[in-house]
Structure formats: C-alpha cells, structure tokens
Protein chains: 2
Amino acid sequence: MATIHDVAQQAGVSVTTVSRVLNNRGYISEATRKKVFETMDALNYQPNEIARSLLRKQSNIIGLIIPNVSHPFFSELASQVEYYAYENGCKVLLCNSQLDPAKERDYIEMLKRNRVDGIIMGSHTLEVEEYVSLRSPIVTIDRRIGEKIPFISSDNYRGGVLATELLIRKGCRKLAHICGNLELDLLANSRSEGFRDTADKHGIEHMTIQTDMNVFDQEQYARIIQELLDQHPDVDGIFATSDIIAAFAVKGCVKIGRRVPDEMRIIGYDDVSAAAWLTPAITTVQQPIAEIGRLAVELIRRQLDGEPYEVDNTLPVELIERATT
Amino acid sequence: MATIHDVAQQAGVSVTTVSRVLNNRGYISEATRKKVFETMDALNYQPNEIARSLLRKQSNIIGLIIPNVSHPFFSELASQVEYYAYENGCKVLLCNSQLDPAKERDYIEMLKRNRVDGIIMGSHTLEVEEYVSLRSPIVTIDRRIGEKIPFISSDNYRGGVLATELLIRKGCRKLAHICGNLELDLLANSRSEGFRDTADKHGIEHMTIQTDMNVFDQEQYARIIQELLDQHPDVDGIFATSDIIAAFAVKGCVKIGRRVPDEMRIIGYDDVSAAAWLTPAITTVQQPIAEIGRLAVELIRRQLDGEPYEVDNTLPVELIERATT
DNA sequence: TTGTACGCGTTATCAC
DNA sequence: GTGATAACGCGTACAA
C-alpha cells in the first residue's frame, strides 16, 4: 500500500506538501495541489489512519460494551450509536460482554490499549472501582458509577409506576413483575420499586420474579412464565422488564388458553420495534432509544472537547398502549 | 497515559527490556522481569496498540459492513462475528451501510485507511469493481463478486424449494412470495427462483412481490401485506424472504380475521430467534447463522495467513416447522 | 510557497 | 542478559 512518501516522490514534491494538500492546511499553489491529487489516486493512496492516530493521540473510535447485540434493545441501541458516531466522524468498536466479568474487563483493557476516544458502557458486571481507574471519557447506560461520570437512563421508576397503574386501572387484581437480576447494580431496578410502591399504594397483591444473570436466555424466560402461570393462576397482570419477556408471557398464556388481554394483561418495557409487529402487539413503556444513542455519543464528545455536560441524563418514558392490555 | 519509556526509566532499565518482558521474548533475568512488571502496574501502564499496529502493519480489526444491526438477522450475525473475532484476538468495527451506496463506499475507504485485517461484507449496493480494488482480505455474505473472493451463503435455492414444497404439501392452491429488491445482486435471489420453479413444477399458481431497497422498512411491509390480502384474497400461502416479513404477514391476516394456518399458511426465512418466540411461532427456513459468523472470521484469517480456503461456501438450510403452516 | 527534521510509542536488529 | 538505534507513516515547527 502506497505511503505519503511514494506520493511525494511520484509527484516530485516533499511529503510536507502532500500532507498539506491532504489536510488542506497552509498555502499551496493550485498546480501542485492538482498534481498531488492526481498522483494520489493514480497510486490509489489512502492515508494511514493508524499513523495519524499515533500522532494525534486520538483514534476516533468509540467502544460500545453491551451484554449482547443480538438482544433487540441493544441492537437498536447499537444502531443508533453507530448512526451518531458516523455523523461525528467516529467509528464504533462492538463489544459483547455476555455479562461475563472477565470478558468485560478484557474488553475495557483492550479499548484502553487501543486509545479509544471514549467508552459507552451498557454492561455492568464489574465493581465501580474498575471503571473509575480508566481515564478515558466514559458514559454509562443505566448505571451510576461516580459523581462526575455521566449516565443515561430512562425514567425507570416512573416507567414502573405507569405500567403498574395501567394494569390496576384495567382491573387487575393480582400482579406479577418479572425483572432482571437485582444483584446487578442497575438503574433499571427502580422499575421494580415503582411497581412495588404503586401496587402497595393501591392495596393490590403483587409478586416479583427475578431472572438469572444470563444474557437473553430464552428457555429461562419460557420456564419462568410457565411456572408463574402454573403456581399462581390468580395472577391477572404481568409487568415484564423487557418486551421480549412480555412476548414470552403472551406465548405462555396462549399455550394454556389464557386469553390476552381479557384474562391476562401484559405490559413490557423498551418498545423495541418487535413490540409493534408482534401479534398481539405489546403494550409497553417506551425508552427513547435514538435519544439515548445520540446523547451517549455527544457526552463522549463533550468530555473529549472539555465542554460542560450533564451528569444525570434521565430521559422521559412514555406508555404505549397496544393489544396486550 | 504512561509509555514504555516511563516504565523503563522508572524501573531503571531500557525500553528494550520492557518490550522484552511485555512480549515474553528473549532472555531476561527473573529479577528484572519482576521489577518491570511491578512498575508496569504501579504506573497503570497499557501498551499502545496503535503504535504496535503501525509497526506490524496489522490492526487486528475486522470491519463488518451490514445494512443495519437493528435487523434481527444482522444483529445475530454481528453477535456471532464478534464472538469468533474475540476468540481470535480480533476486534469488530461495526458499520451500518443503511443500503446507502455513499455510506457503504465511505465505510470501505475508512476501513482501508485504518488498515483493517479484513472486511466482512454483508451489504451490497456497489458494483463489483469497487470491491476488487481493495487488496485487503474480504469475505462476502450472500453475494459472489469474484473468482477468488470467498463468499458465504445459505443454500438459497434449496431453501426456496423446501419452503414452497411445504406450502404445496399442506394444500395451498395459490402462492405469493415476498422477496427483497431483485435489483440488488444477491444470492438470496435464488430463493425466488426456487419458489418459482417449484410452484411451476407442481402447476401451482403463484406471484412474486418485491420490496423496495429501503432497510427494514416496517411500514412498507405492513402495506405490502395489506395490499396482497386485499387484491388477492385467493392467495392461501405466503413464502416470505425473512421471518420479520412473515411476522407482518401473520399480523395482517389476524387483522382481517384470516386464520393462520387454517386459511393462510406462512413461512419465513432465516430462523432468527424471534421466529421461535413469536405467537404463533413461525415456520421458517433456517440459516446457520453461527456457522456463517464463524466461517466469515476464519476466511479472513486464512487469507491473512496465506492458507488455502474455499471460495464457495454454500451452507445447508433446514426447514423448521412451527405453527404458521 | 515549499522542504527538512523531529517526534508519536513500539518492536526488531545488532552490538556489548 | 541487556542496551542503543533505526524503522513504521504521518503532521508540524522551523527554516529557506
């Protein structure tokens, strides 16, 4: 692959001149500029970004660490992050932690060694201390890990309240809430609090079921739903912490002939696109995924540029009523 | 951030020595090795991969260009690619082309400038010539672009045959096939041939509907289905080119009271995980997504290492019968 | 308007 | 066993 020297030699100028036309800096005569451009594409020259990065001490790469892109919520988030990163001239390095602390740690170190501009953390299996040691700009999604480290999350508590109130308003008498593993220190856990508080306030019987820490374990979802329907036949309303789990709840009901929404009302969380095209379409609490992605990239950039930024970025949620309630 | 010089100075040795312990090369006394290691984590030293890459002329980065990760098929593919890349000590750069030729071209050039180890092309909006010019190892998914460039695809023709035969066997009298835009030069187009040939062979009436070139345009899917059901009420079997489109077909039927599978049989393609947890679960032609991802990474590595490799990697498909047939 | 020389952080080569 | 030094490809003072 041709280097800047090759171009310079071929064009009969110095490397400085080539560099100048490349970066459009300083004064150069129209003649040399043209000649340089010509030899550049004659040689099919592509400037070596690695050398540039080394010099500038910036890679223009953003690391995105999430449990797994194959989960609809994270795939949509990744899509948005990529979109806004591209708009800002950045590249996205995709890291699936699988919620494995070793892999997450490994990825963090890899990103540091590669001098990424910043890290968007959507996976949180490590202790807070491990993150603060890294100096590079960081943004967390759905977890607070320090006084000055910006985090983005939807208004989880309010989401829990909205969902629960809807179920109660629709006449549910006994509620179940299926959430992620509460051992993980996530802001999403507030959904459970919102659920509990609201049910208590209305004097409605309720229960909460945690999933394991595995990523997106569909068999587990099916099993949990089945056990719930089996052991608590009087439950007539479910608030699931994701649309996928809600979909499994629907499936479990259909399987045993429980009619949705007449005999069982179900509500999810996230509003991934699947929630809309499922049959029946799932009532859900919408997170503003595009805004989360946009903000994540912006917060990295702001830290990089030394601009002021908000630490607490709690975004509003919206209840989307569809066919399962 | 500390450099190798800082470590050397602090430890009272030369940079060469530090480099040696870092890479475990040559002979070094146990004493110095220990001392170097100590100062390394005292300074929280992380070797600069960018400098390494510059020297080695290898970045250990694989570029993955796909239409959009938010599409379930590509999100699952991306997940697998990341999995196997990680196993091979590689990183994955995520590039969504949005099926926009300008963005795809832009990403290709970016990847070249960043001297990636190889490119996995899952988006194909450009002419063949534009790909062959890049020297770096490349693997295409679902498109053949040259005699020596390896491609991976499922056995699309056979998938089309299997799906169509099933519909016919189940008693369908008039079939509709919804495929992607046939302007795109994709091997997936063979599914349509398999469909047509099989229907012809059995003397079954059939029609084919193309979608636009937009990525994952859900409103379009809904519209196409509605028009189909509206204008061709006698169609009683649909072969969709993706599970998502199949899901929209189910939704459209439910909406107008057409019972699935009694009055309308529907079959998708891919077998993304959603196909299993949808209600009803979707009958589909399974692509071996994990194997595609594994192979893609391996083919990059083989080209890099100068090992022999297969050009035609057509993988077997499997018909998965579920509730929509 | 253009060229020379140095440094970015590493590793490989050769010398001691 | 260990240390100087020259690359890798580029950008930028500084000089001309």
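Lettering of chains follows the sequences in order, A, B, ..., and the numbering in each one begins at 1.
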Pairs under 3.5 angstrom only: tabulate donor-acceptor contacts from the side chains of residues 40-47 of chain A to other protein residues two or more places apart or in another chain.
none

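- Atoms NE2 and CG, on His124(A) and Asp185(A) in that order, are 9.0 Å from each other to the nearest 0.5 Å.
- Under the ring-ring contact (aromatic ring centres under 6.0 Å, His included) criterion, Tyr83(B) pairs with no residue, sequence neighbours left out.
- With values rounded to the nearest 0.5 angstrom, Asp106(A) atom CG is found 7.0 Å from Glu109(A) atom CD.
- Considering only residues two or more places apart in sequence or on other chains, Arg52(A) meets the salt bridge (Lys or Arg N to Asp or Glu O under 4.0 Å) condition with Glu49(A).
- The existence of a salt bridge linking Arg294(B) and Glu87(B) is excluded, since no basic side-chain nitrogen approaches an acidic carboxylate oxygen closer than 4.0 Å.
- For residues 46-62 of chain A, proximity to DNA chain C is found at Leu54(A), Leu55(A), Lys57(A), defined as any non-hydrogen atom under 4.0 angstrom from a strand atom.
- Applying the side-chain contact (heavy atoms from CB on, under 4.5 Å) rule to Glu76(B) yields the partners Ser70(A), Val272(B), Ser273(B), Ile289(B); only residues at least two apart in sequence or on another chain are considered.
- The salt bridge (charged side-chain N to carboxylate O under 4.0 Å, His left out) analysis of residues 92-105 of chain B, with sequence neighbours excluded, yields the pairs Glu82(A)-Lys103(B), Arg105(B)-Glu130(B).
- Shown here are the side chain to side chain donor-acceptor pair (under 3.5 Å) partners of Ser53(B), two or more places apart in sequence or in another chain: there are none.
- Side-chain rings of Tyr107(B) and Tyr86(A) approach one another, their centers coming within less than 6.0 Å.
- A rotation axis mapping the C1' atoms of four pairs onto the next four is fitted at both ends of the helix from dT1(C)-dA16(D) to dC16(C)-dG1(D) over five pairs, and the angle between these axes is 50° to 10 degrees.
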For residues 146-154 of chain B, run the donor-acceptor check on the side chains, cut-off 3.5 Å, and write out each pair with its distance to 0.1 Å, sequence neighbours left out.
{"residue": "Ser154(B)", "atom": "OG", "partner": "Tyr269(B)", "partner atom": "OH", "Å": "3.0"}
{"residue": "Ser154(B)", "atom": "OG", "partner": "Gln287(B)", "partner atom": "OE1", "Å": "3.2"}

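- Per the geometry, OH belonging to Tyr45(A) stands 10 Å off P belonging to dG9(D), to the nearest Å.
- You can see that DNA chain C meets the heavy atoms of chain B within a 4.0 Å-exclusive cut from dG9(C) to dC14(C), reading 5' to 3'.
- Ion pairing between a basic and an acidic side chain is recognised when a charged N comes within 4.0 Å of a carboxylate O; Glu30(A) and Lys34(A) show no such pairing.
- The distance between atom CD1 of Ile4(A) and atom P of dT12(D), rounded to the nearest whole Å, is 11 Å.
- For Asn24(B), the side chain to side chain donor-acceptor pair (under 3.5 Å) partners two or more places apart in sequence, or in a different chain, are Arg33(B).
- DNA chain C lies under 4.0 Å from at least one heavy atom of each of the following residues of residues 15-34 of chain A: Thr16(A), Thr17(A), Arg20(A), Tyr27(A), Ile28(A), Ser29(A), Thr32(A).
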